[in-house]
Novice: 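This is the structure, below, for whatever I ask next.
Heads up: numbering here begins at 1 and tracks the sequence. Values below: every heavy atom of this structure, side chains too, minus hydrogens, waters and symmetry copies. Since the model is a prediction, treat every value here as computed from it, not as a measurement.
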Amino acid sequence: MLEVLVVQGDQPPVHYEFQHDEITIGRRSGNDLVLPEASVSSRHARMYLDFDKVWIEDLNSTNGTLVNGEEITGAHVVTRDDVIEIGDFRVKLVNAMEQERWDLLLRDDALEAAPVAQPGQGPDPRATLFRPRDVQGPGSPATELPPVDGAPVTELPPMDSASDTFIHEEGTSLGPVSVRQPPPGSEIDIVLPDEDMDESLVEKLPEFVPPVPRNIIQTGLKRGHVTDLLLKTTYFAGEISGYDLADEMRLPFGPILEPIIQELRRDKLLDVKGGGGSFGAISMIYSVTTKASDLIQQILDRNRYTGPAPVSMTDYVELVEAQSIRRRKMPRRRLIPEFGHLVLSDDIFDGIGPAINSGMAILLFGPPGNGKTAICQAMVNCYDDYVFVPYAIEVDGNIIKVFDEHNHKVIAIGRSGGEALFDQRYVLCRRPLIMVGGELSLDMLDMNYSPEARFYEAPIQLKANGGILFVDDFGRQRVSPRELLNRWIVPLESEFDFISLITGKKLRIPFDVFVVFATNLDPESLVDDAFLRRVRYKLEVGRPTWDQYRTIFEMACASHGIPFSEDGLAYLKTLYERDRRPIAACEPRNLLDAIRSLGEYFERDPALTPEFIDRAYRSYFTRTGKGV
């Protein structure tokens, strides 16, 4: 944001506030700051914010641009102590970096002592609201306007300004109302600020919320990278409006994209195909020019990524630390409702809670079909908070795509009064659960580079950051357990991992993942003691007792809509005992699925009759005694 005071001769100073970080100054309309005098060139100078400094650059004007009485060549850094001279005008910077507000220099006695407050401070509804305009002199007449929210409003005479602010007599403000500088004498509509944020939305947001960037520096990206993405997005779209550009790139238009568009238009790389009108640059339709063809080809040779702008690796690491899964601590009472649908012994249940609170890896082992996968899914449900996941990460010009619609469950959240509640380059999601089984290979733990698209797909452990990575059927992967565990020994211990680019450069990434291994094999036959020491929690999920089996069976009957029968369960038990078959926790559900299907086939109500139980039992179990 840039703020300046402009003085001409002995006239009162006029305050201008711009919501973006680059402005052009000149005599003709179309400039951000219009100085209508013959001593000012039609396009005289530009002022912009870059690298935490404000710069002024003369644009080959006829009379030149002076800073503290000396003519400048090229770009020149200016501070609040400097006086810029453009023709007959003197321009002075107003607290651009600290973003504090100076008092508007109004000559009306009623407002002269009223300071402009910080945006967002609400007024006393009983106070009189004033609308500052350029004052024509002491005692200028004021126009009464209709009340706003029950408070009388007074409008001062017109101001030729690029910004308006509601002020009331207590000195607080409704916040800035930013508009394009109007032609002299034109009116500016009263605009009320956004409504208060919906509290239900606030509750869904995590403690740490990535703020909406207000300039290029706050994006963490180089200006050239944003420019490249803008050109690619426009090129692939053919023609695109400013609205759609901001939506595609997930960046604010005014403070970030508009200055870049202005520069590209000056360099004849972007053209305007229509639109505009009273809505300004954001409603214009843009396309790339033929002059841009060679440049765009060079950009596409580097990478063809389009979509939401990436975030920097530095910002991503800070975000992961702020929303770390290891920060979440849960008491026993929080776990009880999430595991209520499972029948577990106290030993198993009370072993799960401490493992969750540690955030360290856990190994679930035991015979198949007894709830290891169900336990992992219930663990995820214990986390009722949300995390931010970036669409993509940028590292040294390389793009790593992170957001995965199949593994990241998006939480829909609206806007507060039309304003974004957080940096739109992130997606608000449930803590992720990424499940892998026999298909897991070492390649899945490295970045996947696409030679055609020329960008990377993040490995599974990076996508799982802030959540759970569930390795099911451990020991049956395409890679040997020893190779897999050797790959993960360092991340499990140090909480960070290393991945490589195709150039050979290694990147250090956070490993904020709760890893759950599940196997029906003997753990000691899979791994050595060194690995078992790093997996701090090991739980044996054994077969249920008959009392537990009965409870599971009753619950399954209720969920299937099949009346429970003591005689039916007793008959089923005789079949198990006859075949000396061990029981498993998954079998009541599977047998009842078969009984329900039999009822549909014979057009009869499913019931625990010997006939249905016999048929279901024979179709489910093989002659070797194992479930299918």
Novice: For E540, which residues count as a salt bridge (Lys or Arg N to Asp or Glu O under 4.0 Å) partner, sequence neighbours excluded?
Specialist: none
Novice: Looking only at the aromatic ring of each residue, does the gap between the centers of F498 and F496 stay below 6.0 angstrom?
Specialist: yes
Novice: Tell me every residue that passes side chain to side chain donor-acceptor pair (under 3.5 Å) with S500, counting only those two or more places apart in sequence or in another chain.
Specialist: K506
Novice: Not counting sequence neighbours, which residues clear side chain to side chain donor-acceptor pair (under 3.5 Å) with E483? List them please.
Specialist: S480
Novice: Name all residues meeting the salt bridge (Lys or Arg N to Asp or Glu O under 4.0 Å) criterion together with R265; count only those two or more places apart in sequence or in a different chain, and write none if there are none.
Specialist: none
Novice: Looking at N215 and I217, would you say the former's side chain and the latter's main chain have a donor-acceptor pair under 3.5 Å?
Specialist: yes
Novice: If you compare all heavy atoms of L93 against all heavy atoms of M47, which two are closest, and at what distance to 0.1 Å?
Specialist: CD1-SD, 4.1 Å
Novice: Not counting sequence neighbours, which residues clear side chain to side chain donor-acceptor pair (under 3.5 Å) with R302? List them please.
Specialist: D228
Novice: Kindly compute the distance separating CD1 (I375) from CG (L539), expressed to the nearest 0.5 Å.
Specialist: 7.5 Å
Novice: Centre-to-centre under 6.0 Å for Y391 and Y426, is that the case here?
Specialist: no
Novice: For K372 and D473, what are the C-alpha separation, side-chain angles and deciding distance, and is it a salt bridge (charged side-chain N to carboxylate O under 4.0 Å, His left out)?
Specialist: CA-CA 10 Å; K372 295 185 289 296; D473 287 331; over 6 Å; no
Novice: Pairs in or reaching into residues 346-363: which pass salt bridge (Lys or Arg N to Asp or Glu O under 4.0 Å), with residues at least two apart or in two chains?
Specialist: R332-D350
Novice: Could you report the tightest heavy-atom contact between V387 and P432, atom names first, then the distance?
Specialist: CG2-CD, 4.2 Å
Novice: Closest heavy-atom contact between L257 and A246?
Specialist: CD1-CA, 3.7 Å
Novice: Cut-off 3.5 Å, no hydrogens considered: what does the side-chain donor-acceptor table look like for residues 434-448, sequence neighbours left out?
Specialist:
unit_1 : atom_1 : unit_2 : atom_2 : d
E439   : OE1    : G437   : N      : 3.1
E439   : OE2    : G437   : N      : 3.2

Novice: Grab the two heavy atoms, one from P310 and one from I399, that are nearest each other, plus how far apart they are.
Specialist: CG-CD1, 3.7 Å
Novice: Cation-pi between R46 and Y48: NZ/CZ under 6.0 Å from ring centre and within 45° of the ring axis?
Specialist: yes
Novice: Donor-acceptor check, side chain of D423 to backbone of R425, threshold 3.5 angstrom: yes or no?
Specialist: yes
Novice: Taking only residues at least two apart or on different chains, which pairs with a member in residues 303-317 satisfy side chain to side chain donor-acceptor pair (under 3.5 Å)?
Specialist: K232-N303, S312-D315, Y316-N465
Novice: Please list every donor-acceptor pair under 3.5 Å in which a side-chain atom of residues 358-371 meets a protein atom from a residue at least two apart or in another chain.
Specialist:
unit_1 : atom_1 : unit_2 : atom_2 : d
S358   : OG     : A355   : O      : 2.8
S358   : OG     : M360   : N      : 3.0
N370   : OD1    : A585   : N      : 3.0
N370   : ND2    : P367   : O      : 3.2
N370   : ND2    : P368   : O      : 3.2

Novice: Sequence neighbours left out, what passes salt bridge (Lys or Arg N to Asp or Glu O under 4.0 Å) with R328? Give chain and number order.
Specialist: D384, D385
Novice: Sort and list the pairs that fulfil salt bridge (Lys or Arg N to Asp or Glu O under 4.0 Å) and have at least one residue in residues 455-468, not counting sequence neighbours.
Specialist: D404-K463, E457-K463
Novice: Using a strict threshold of under 4.0 Å (side-chain N to carboxylate O), is an ion pair present between R327 and E321?
Specialist: no
Novice: Looking at residues at least two apart in the chain, or sitting in another chain, which of them share a salt bridge (Lys or Arg N to Asp or Glu O under 4.0 Å) with R223?
Specialist: E22, E263
Novice: Under a 3.5 Å distance rule, please check whether K329 uses its side chain to pair with a backbone N or O of R326 as donor and acceptor.
Specialist: yes
Novice: If the plane angle is over 60° it's perpendicular, under 30° parallel, otherwise tilted; pick one for F339 and F349.
Specialist: perpendicular
